[in-house]
There are 2 protein chains.
Amino acid sequence: MTDTTLGIAELAARIPFLLSQLGAYLADDFERRLAPIGVDPRAYAVLLALAECDGQSQRELSTQLGIHRNAMVTVIDTLEHQRLVQRLTHPQNRRAFAVTLTDKARDLLPALYEPIDALEDEITAGLSAEERAVLLKLLQRLSAGAGLIPGVHPRLG
Amino acid sequence: MTDTTLGIAELAARIPFLLSQLGAYLADDFERRLAPIGVDPRAYAVLLALAECDGQSQRELSTQLGIHRNAMVTVIDTLEHQRLVQRLTHPQNRRAFAVTLTDKARDLLPALYEPIDALEDEITAGLSAEERAVLLKLLQRLSAGAGLIPGVHPRLG
DNA sequence: TATTGTTATACTCTATAACTATA
DNA sequence: TATAGTTATAGAGTATAACAATA
C-alpha cells in the first residue's frame, strides 16, 4: 500500500515549496537590506526603471512594473519628498508628469545594486561557479515557461 | 568603463530575483488552487502537521509552524467551524486542547496533496527528469545553507 | 511566576470608487 | 468619451498588549 500521509517535512522535497520558501526568505532579506536607505521594493523598481529610461510618466511606470496607478502616486510622492525624483512637466502631454531622477538619486544608484549582489553571493555561497550557472539557466527557463515578465515582480501590483 | 546602470531587465539574470519572482508566483497560484476547498496556506500547514502527528496543542503547532499563538486561535476556530478539527481535552494539560482531525478532514487530505503535485508538474513541464532532480538538489542545498527549517514557510508567521 | 489560550485594539496595507484636468 | 493623476474610504490583514485559567 502507498503512504497517504504528506507531512510538513515532505514539503522540503517539493520544488514549488522550496521555490516559495526561498523566494519569501530572499524577498524579506532584500527588503531589510534596502530599508536603511529608505527605499522599499516598489520605490526600488521605479528607480531602476527610471535609471534605464528617465522621464517616464506615472502611467508608463505603472504599466511596465505592474503597479496600479493609484498606488504609484504614493510611491512617487515619497520619492519626491526624499528628493530622489522630480515631477517635471511632460513635453508631449500636459496631463502627465515626466518623472525624473535627481542627482541625489543617481548618486544613490550604486548603493541600490549592492543588496542584490550581496544576496546572490550569500545564497549561492555553497555552490560552485558551474552550479550557479546551471541554477541560473534552470530558473530562467522556469520563469519564462510560467509566462512571467522578465524583471517584473508579481508582488508589486 | 563599466556599465553602472542596472535595469529592470537585468533582474531577470539574478538568482535572488528569479527565486523571489517564481516563489511569489507559485505561492499565489498555490493559494488560488487551495481556495475552492476553503483552505488557506496556514490552515493547510496545520492540517498537514496534524496528519503527521494528531492531537497536538495549539502551542505545539505554533512553535512547529512559526505561526503566532494569537493567530493560531483564528486558524483553529475556522477549521473547527468547517468541522475539520475538534478541540478535545488534552490528556496531560488542562490548559491546552488536543487539536484533532475529524473524519471529514481525513477524507479531505488527498485533495490537499493535489495542488502541489499539479504545481510541480506545471512549473517543471519544460524540464527533463534529470534536470528536475538537479534543480531539486540545488534548491535543497540553498534552503539548508540559508538556515531555513525544512517544510516551514517563513510567511506563515 | 510561567504557560495556554483568548480577546481587544490599533496599525498597516490594499482595493475600489469617485473626482479634476486634460486629450 | 477616454486618459493621467489624485484623493477618500472601507476592508482585510497583522502586531501588540492585556486578560483568565491552569501549571
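Chain identifiers are assigned alphabetically (A, B, ...) following the order of the sequence lines, protein sequences preceding nucleic acid strands; residue numbering begins at 1 within each chain. Computed from a prediction, not measured in an experiment: that's the story for all the values here.
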**Request:** Indicate yes or no: at least one non-hydrogen side-chain atom of B:R141 is less than 4.5 angstrom from one of A:E131.
**Result:** yes
For residues 40-54 of chain A, please give each side-chain donor-acceptor pair under 3.5 Å, one per line with the distance, not counting sequence neighbours.
from	atom 1	to	atom 2	distance (Å)
A:D40	OD1	A:R42	N	3.3
A:D40	OD1	A:A43	N	2.8
A:R42	NH1	A:L156	O	2.9
A:E52	OE1	B:I8	N	3.2
A:D54	OD1	A:L101	N	3.0
A:D54	OD2	A:L101	N	3.4
A:D54	OD2	A:R106	NH2	3.3

**Item:** Side chains of B:D77 and B:R87 in contact at under 4.5 Å (non-hydrogen atoms)
**Value:** yes
**Prompt:** Once you round to the nearest 0.5 Å, how far does CG of A:L19 lie from CG of B:L119?
**Reply:** 10.0 Å
**Request:** Return the residues of residues 43-64 of chain A meeting this criterion: a heavy atom under 4.0 Å from some atom of DNA chain C. Order them by number, or give none.
**Result:** none
Identify each atom pair where a protein N or O and an N or O of nucleotides 11-15 of chain D are less than 3.5 Å apart, giving names and distance.
from	atom 1	to	atom 2	distance (Å)
D:dT14	OP1	B:R42	NH2	3.4
D:dT14	OP2	B:R42	NH2	2.6

**Request:** Take B:S20 and A:H153 through the test side chain to side chain donor-acceptor pair (under 3.5 Å) and record every step on the way to the result.
**Result:** CA-CA 8 Å; B:S20 176; A:H153 198 289; 2.7 Å; yes
**Message:** If you define the side chain from C-beta out and look only at heavy atoms, does anything of B:L127 sit under 4.5 Å from A:L142?
**Reply:** yes
**Request:** Give, ordered by number, those residues of residues 71-82 of chain A having at least one heavy-atom distance below 4.0 Å to an atom of DNA chain C; if nothing qualifies, reply none.
**Result:** none
**Asked** Side chain of B:S57, backbone of B:F97: donor and acceptor closer than 3.5 Å?
**Response** no
**Prompt:** Under a 4.5 Å cut-off applied to non-hydrogen side-chain atoms, are B:L135 and A:L135 in contact?
**Reply:** yes
**Message:** Please identify the 5'-most and 3'-most nucleotides of DNA chain C with any atom under 4.0 angstrom from a heavy atom of chain A.
**Reply:** C:dT14 to C:dA23
**Asked** Under a 4.5 Å cut-off applied to non-hydrogen side-chain atoms, are A:V85 and A:T100 in contact?
**Response** no
**Message:** Side chains of A:R132 and A:S128: any donor to acceptor distance under 3.5 Å?
**Reply:** no
**Student check: side-chain heavy atoms of B:R94 and B:T89 closer than 4.5 Å** = no
**Asked** How close do B:I123 and B:Y25 get, heavy atom to heavy atom, and via which atoms?
**Response** CD1-CE2, 4.3 Å
**Reading 5' to 3' through nucleotides 16-23 of chain D, protein heavy-atom contacts under 4.0 Å coded B for base, S for sugar-phosphate only, - for none** = BB---BBS
**Request:** Locate the shortest heavy-atom distance separating A:P115 from A:R33; write the atom from each residue and the value.
**Result:** CB-CB, 4.0 Å
**Asked** Do we see a donor-acceptor contact under 3.5 Å between the side chains of A:R155 and B:Q21?
**Response** no
**Message:** I want to check something: taking the side chain as every heavy atom from C-beta on, are B:L61 and B:V75 in contact at a cut-off of under 4.5 Å?
**Reply:** no
